[in-house]
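Below, chains carry the letters A, B, ... as their sequence lines are ordered, and counting in each starts from 1.
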2 protein chains.
Amino acid sequence: MESSSAASGGSTRREATRQKLYEAAVTLIAEQGFSATTVDEIAERAGVAKGTVYYNFASKSVLFEELLRHGVGLLTASLRDAAETTARAGGSRVDALDAMIRAGLVFIDRYPSFTQLYVAELWRTNRAWQSTLMVVRQQAVAVVEGVLREGVEGGEFSDEIDVPLTAAALVGMVLVAALDWKSFQPERSLDDVHAALSRLLQGRVSGRR
Amino acid sequence: MESSSAASGGSTRREATRQKLYEAAVTLIAEQGFSATTVDEIAERAGVAKGTVYYNFASKSVLFEELLRHGVGLLTASLRDAAETTARAGGSRVDALDAMIRAGLVFIDRYPSFTQLYVAELWRTNRAWQSTLMVVRQQAVAVVEGVLREGVEGGEFSDEIDVPLTAAALVGMVLVAALDWKSFQPERSLDDVHAALSRLLQGRVSGRR
DNA sequence: TTGTTTGAACTGACTGGTCAGTGCAAAAGG
DNA sequence: CCTTTTGCACTGACCAGTCAGTTCAAACAA
C-alpha cells in the first residue's frame, strides 16, 4: 500500500499542489480568520479545483492543522539552529537569546501571515486543532526555556528567574514587536528592530546612555 | 419627548440587556472566534431572544465593535491611572512602567476572555472593525509611549531607545506572559507573575544574583 | 385604589442565502 | 496504466437578519 516513490524531499506533483494550497490558505486565513475563509476561496487562490483540495486533505480543518504543524516546525528548527550555532561558536547564553530573537524576527519577516494566524489561534479554546497547537507551541517555547535553564545552571542568569514565564514573556516581546513592525512600520530594517529588542533584553533601557 | 426617568448611571432595562449581551458575546467569541460564534448562541447564553440582539445592536459586527471599544476603554483608563498615581506619589518612570505592568496584569486577570479576543483580532486585516481597533489600540499604547518619552526627556532612559517599538514590545511581553499564565498556570498568584516581569523589565535577568 | 393607555422592549418563527463536503465522468500527466 | 487533477452540479445544514405580534411598566385617569 505504501507509495514506493515519495523519495527524499517530496517533489511529487502532489507535494507541489499541497504547497500551493498551504500558501493560499495561510494568507487568506491570516486576513479573515478560519471560519470566514471558504474552501472555494482557497482553491481559487491556489489555482486548483475545489475537488483537488479534498483529494489532498480530508477536510478544511485538517488542511489548517497540517499548515500549523508545518509552520511551527520551521520556526522551531530555526530557533534550535540559532541556539546551537551560537553555542558552537563559543557565545554566551545571552548571545544565544539574542540570536534566537533575530531568528524569530527573520521568520516573522519571511512568514508574516503565518505568524499572524498563529497568534490569533493560540489562546483559543474549544477548537478542533487546539491540542495540535499546544504540542507545537511547547516545542518552540521549550527551545527558549532550554537556553534559559542552561544559563541559570551556569550562573549566567539569576537563579531567581521563572524559566517558563520568562520564556513566554520573551517570545511575546518578539512576537508583538514584530507584528507591530510589519503592520505599522514595514519600511524599517530588520537590524533596526533587532537592535531595539536587544537593548530591551539586556536591560539597557533604564540606566542612562 | 425625552424620558424623564433614565436617572443616573444608566440602570435602564435596556442597559442591563446590553451588558448581558456583552458578557455572553465576549466569552463565546474568545473561545470560538467571531465568525464561528452565532447570534443564536449569544442570545441563548445571555438569556434573551434573538430579536433582542437586533433590537439593541444594528448587527453582529456592531455588537462586537462596541464590545471592543468598551473593553479597551477600561484598559486605557486603568493604565493612565497607574501612570498618574505613580507620578503623583513621586515615583520614577521605571516605577510608572512597573505600575502599568501590574495594571495590565490586573486587567487581564479580571477580563481574560476580552484580552484573548483582542489579541486574536488585533493584527487581522480586511475586517469591518479594523479601523475601530486601530484607534483604541493606539490610545492604549500611547499611554506607555508617553511614559517612555518622559523618561527619555528626563534622562532616566537612554535616548537611543525606539519609543514606539519598545512600547509595543513591553505591551507584548505583558500580554503574552499573562495569557500564558491564565492558560497554563492559572494557580499562580498575580504578585508572582508581576515579580517575574519586573525582573525582566529591569534587566535583572542576566547579571548573576 | 383600580382600570386604561402608551410606547419601549422583547419574542421567535421564518426567509433567503451561503458554504462544507460529495459524486463522478473525463482529462491530463508522468 | 495508475495517480492526480478538473469541472461542475448537487445536497443538506446552518445562520444573519427580519417582522408581525406580545409583554411590561410607567403614566395617567376616574
Run A/Phe184 and B/Met134 through side-chain contact (heavy atoms from CB on, under 4.5 Å) and show every step you take. CA-CA 10 Å; A/Phe184 309 126; B/Met134 286 297 81; 3.2 Å; yes
Just do the side chain to side chain donor-acceptor pair (under 3.5 Å) check on B/Glu23 and B/Gln19 with the steps written out, would you? CA-CA 6 Å; B/Glu23 277 159 26; B/Gln19 190 62 35; 3.2 Å; yes
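Taking atom OH of residue B/Tyr54 and atom P of nucleotide D/dA20, one finds them 18 Å apart after rounding to whole Å. As rounded to whole Å, 14 Å separates atom P of D/dT4 from atom CG of A/Leu21. For the pair A/Lys50 NZ and D/dT11 P, the interatomic distance rounds to 14 Å; values are reported in whole Å. D/dA13 atom P lies 17 Å from atom CG of B/Asp40, rounded to whole Å. With rounding to whole Å, B/Arg14 atom CZ is found 17 Å from D/dA25 atom P. Rounded to an integer number of Å, the gap from CZ of B/Phe57 to C1' of D/dA16 is 16 Å. Counting to the nearest Å, the P atom of D/dA16 and the OH atom of B/Tyr55 are 22 Å from each other. Atom CZ of B/Phe64 and atom C1' of D/dA16 are 17 Å apart (whole Å).
Between A/Trp129 and A/Phe64, the ring planes are perpendicular. Angles over 60° get that label, and only those under 30° would be called parallel. Ring geometry for B/Phe107 versus B/Tyr111: interplanar angle of 30 to 60°, hence tilted.
Residue order along DNA chain D, read from the 5' end via each residue's closest nucleotide, puts B/Lys60 first among B/Gly51 and B/Lys60. Sequence order on DNA chain C of the closest nucleotides to A/Thr38 and B/Thr17 puts B/Thr17 first from the 5' end.
A salt bridge is absent between A/Arg93 and A/Asp98: the closest approach of a Lys/Arg side-chain nitrogen to an acidic carboxylate oxygen does not fall below 4.0 angstrom. A/Arg188 and B/Asp162 are joined by a salt bridge, as a carboxylate oxygen and a charged side-chain nitrogen come within less than 4.0 angstrom of each other. A salt bridge does not link A/Arg45 with A/Glu41: every distance from a Lys NZ or Arg NE/NH1/NH2 to an Asp or Glu carboxylate oxygen is 4.0 Å or more.
At a cut-off of 3.5 Å, with distance as the only test, no side-chain donor of B/Thr76 or B/Gln139 sits close to an acceptor on the other residue.
Within the 4.0 angstrom heavy-atom criterion, only backbone atoms of the sugar-phosphate kind lie near B/Thr37; the bases stay farther away. Within the nucleic acid shown, B/Val53 has no heavy atom closer than 4.0 Å to any nucleic acid atom.
Along DNA chain C, the stretch of nucleotides lying under 4.0 Å from any heavy atom of chain B spans, 5' to 3', C/dA8 to C/dG12.
For the pair A/Lys60 and A/Phe34, the distance from NZ or CZ to the six-membered ring centre is under 6.0 Å and the angle to the ring normal is within 45 degrees.
Comparing the start and finish of the helix from C/dT1-D/dA30 to C/dG30-D/dC1, five pairs each, the helix axis swings through 20°, to the nearest 10 degrees.
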